[in-house]
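What follows is a set of notes on a single structure, which appears directly below.
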Amino acid sequence: MCGIVAYVGSQDAAPILLEGLQRLEYRGYDSAGLAVVNAKSLRTRKVKGRVADLAAVVPARFKGGSGIGHTRWATHGVPSDVNAHPHLDQEQRIAVVHNGIIENADELRRRLEADGIVFESETDSEVLSHLIGSTVKETDTLEEAVRRALKSVVGTYGIAVVDSHRPGEIVVARNGSPIVLGIGEKEMFAASDVAALIRYTRQVVHLEDGELAVLKADGFNTFTSDARETAKEPFTVDWEAGHYDNGGYEHYLLKEISEQPDTVARTLRGRLDDRFHIAHLGGLNMDPRESRSFRRVKIIGCGSAYYSGQIGAQLIEELARIPADAEPASEFRYRSPVVEADTLYIAISQSGETYDTLAAVQELKRKGGRVLGIVNTVGSAIARECDGGVYLHAGPEVSVASTKAFTSTAVAFALIALHLGRVRDLSPADGRRICDGLRKLPEQIKEILTQEEHIRTLAMKYADAPGMMFVGRVRGYPVAREGAQKLKEISYVHAEAYPASELKHGPLALISPELPTVAIVPDDELLDKNLTTLGEIRAREGRILMVGHRTAEAADDCIVVPKNETELDPILLTIPLQIFAYHAAVALGRDVDRPRNLAKSVTVE
Ligand code: AGP
């Protein structure tokens, strides 16, 4: 949620920390702060607001070769200067930045206060600086002090710590919140996301839960929580700094929507086999016999990832004829799920760090479940935790609202469904049909993007509605859910998604000229049923924007997308809804890339 960045080396830390924080701002952004150590003195600045507000109060001569920085997304305590990180100990010797939630913070706080410690902030994180501060005097190393302090902590954390008595050294630790180390030339970096490091280095090391690392300019050492040194292999990130730029677009969201012809092509690249009309997915780590052995597929993910999982379940049922369903990972993990040996579990995550999804995967693994990941971020926690999976190769997604990762996930599901289908009963002819359909997607997405102006006009027409209903049947239903999700999260217009078939069972009561409906109406075997639903809405004077493969009299407005294979149509039907939500949000003057109350990567429960 929040962002962490740390630097130690021969350069001044402050400009590097500010640049890193700017790159992380999409993760959490109600306040920001940094601390640098110079010749045994600790200097900090922190403010409520954006990184630019922090940069404005950091003096030009803010010297120091090691330091830590943070962007905050409030969980405990309102956004304010005092609640911003870093937090210091009583003697102002130790500074700590923290992502995650300390569950026993109240109890620790009471204990520390009983020892005479005075707290400044309302945050749970401040207990960490005081705990480390009171331990560091009794230990020989900062690492030892951090390790001892963390022993009394219950909860999740990614932390970075500096000690003014030890300039040139940073200790970081991870438990449930990501920490990645960046290896430079006589300098070391750490961050909660590679986005903050990529300008300086592409050589990275991910910490595991329970690990600590000591960073100095000339290298790093990693340890388990019981002080055993661990050996880590660095790997090279294939994303580049340029991938994080907005490429001249007004918003990252529009850039990411527009990238979809390429990102979909990248998800497909090298994975379609024209000889057997099957998908090659080496990362699944399963031979055909194993692929045939599953009797059920269960898909988990959060938010848009979950909706893309619903498209995935439909694809798997249709192409592989295996019963499949999707469930929010945030619910799944808490309901003590029955885990079966002949069920294939698939976890979806763009970031690979969503805590609820990670916890669900861990629960599955603990019960012996076989879990595949569909993940965008290489080397992320969920990718590492899974038994195998499919990387999306969609490149970094910066805007809070997911777009290109959503379509690439749906494409990855089509590949998995094709694979599972072709080792079962899907005929070579149907396999070829799906392969051909998948290949057509990038060009068809380009065609949809040419309709941006038409969709913008419609968005402006409907943007002032107090709310919108989204409906779809079977394949169209997850598309409707994702369309409603996009609209509500970036434009703040209330949007509700319903199966079109359910309308009569309650929500029809809401239909009036004030509540327009977006209807997903593909040309499939349910077309007539959908057109009947449009008639019912029309009869109640509801305005209708139809998204489908043709126009219809019952609709006030239509967006027509190119037809693909029926099973793959949901992927294309999603794209006009992204463009619609984007332009509605712009028309309403919203902060499109950083919608209020949200963060890109939800690394807390
Ligand atoms: C998507 O627009 C949302 N911002 C959100 O629902 C997101 O998809 C969800 O939090 C899951 O994120 P993940 O894919 O990184 O796990």
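Keep in mind it's a predicted model, so treat the numbers as computed, not measured. Whatever order the structure lists ligands and atoms in, that order sets their numbers, starting from 1.
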Any Lys/Arg nitrogen of R475 or D569 sitting under 4.0 Å from an Asp/Glu carboxylate oxygen of the other?
no
If only atom types and distance count, is the side chain of Q260 paired as donor or acceptor with the main-chain N or O of I257 below 3.5 Å?
yes
Of all the non-hydrogen atoms in the protein, which one sits nearest to atom 1 (C) of ligand 1, and at what distance?
S304 OG, 3.1 Å
Nearest neighbour in protein (non-hydrogen) for atom 9 (C) of ligand 1:
C302 O, 3.4 Å
Is K486 in contact with ligand 1, taking contact as a heavy-atom separation below 4.0 Å?
yes
Below 4.0 angstrom, N of the basic side chain to O of the carboxylate: do E19 and R23 qualify?
yes
Nearest protein heavy atom with distance in Å, relative to atom 12 (O) of ligand 1:
T354 OG1, 3.4 Å
Using a 4.0 Å cut-off to any heavy atom of S402, which atoms of ligand 1 qualify?
1 (C), 2 (O)
Ligand 1 atoms in contact with G303 (distance to a heavy atom under 4.0 Å)
6 (O)
Would you call R50 and D591 a salt bridge, taking side-chain N to carboxylate O under 4.0 Å as the test?
yes
Check this for me: does any side-chain nitrogen of one of K48 and D30 sit under 4.0 Å from a carboxylate oxygen of the other?
no
T357 heavy atom under 4.0 Å from ligand 1
no
Among all protein heavy atoms, pick the one closest to atom 10 (O) of ligand 1 and tell me residue, atom and distance.
V602 CG2, 4.1 Å
To check your reading of the model: name the closest protein heavy atom to atom 15 (O) of ligand 1, its residue, and the distance in Å.
S351 OG, 2.7 Å
among protein heavy atoms, the one nearest atom 3 (C) of ligand 1 is E489 OE1, 3.4 Å
salt_bridge(E397, K404) N-O dist < 4.0 Å
no
List every atom of ligand 1 that sits less than 4.0 Å from any heavy atom of V400, numbering the atoms from 1 in the order shown and giving each element.
2 (O), 4 (N)
Quick one: nearest non-hydrogen protein atom to atom 14 (O) of ligand 1, plus distance?
Q350 N, 2.6 Å
Can you tell me how the ring of H251 sits relative to the ring of Y582, calling it parallel under 30°, perpendicular over 60° and tilted otherwise?
perpendicular
Are more than 12 heavy atoms from other residues, nucleotides or ligands located less than 6.0 Å from atom CD of E103?
yes
Against the six-membered ring of Y492, is R596 placed for a cation-pi contact (under 6.0 Å from the centre, within 45° of the normal)?
yes
Please identify which atoms of ligand 1 are closer than 4.0 Å to at least one heavy atom of A305.
8 (O), 14 (O)
Check whether any N or O atom of G352, backbone or side chain, sits under 3.5 Å from an N or O atom of ligand 1, and answer yes or no.
no
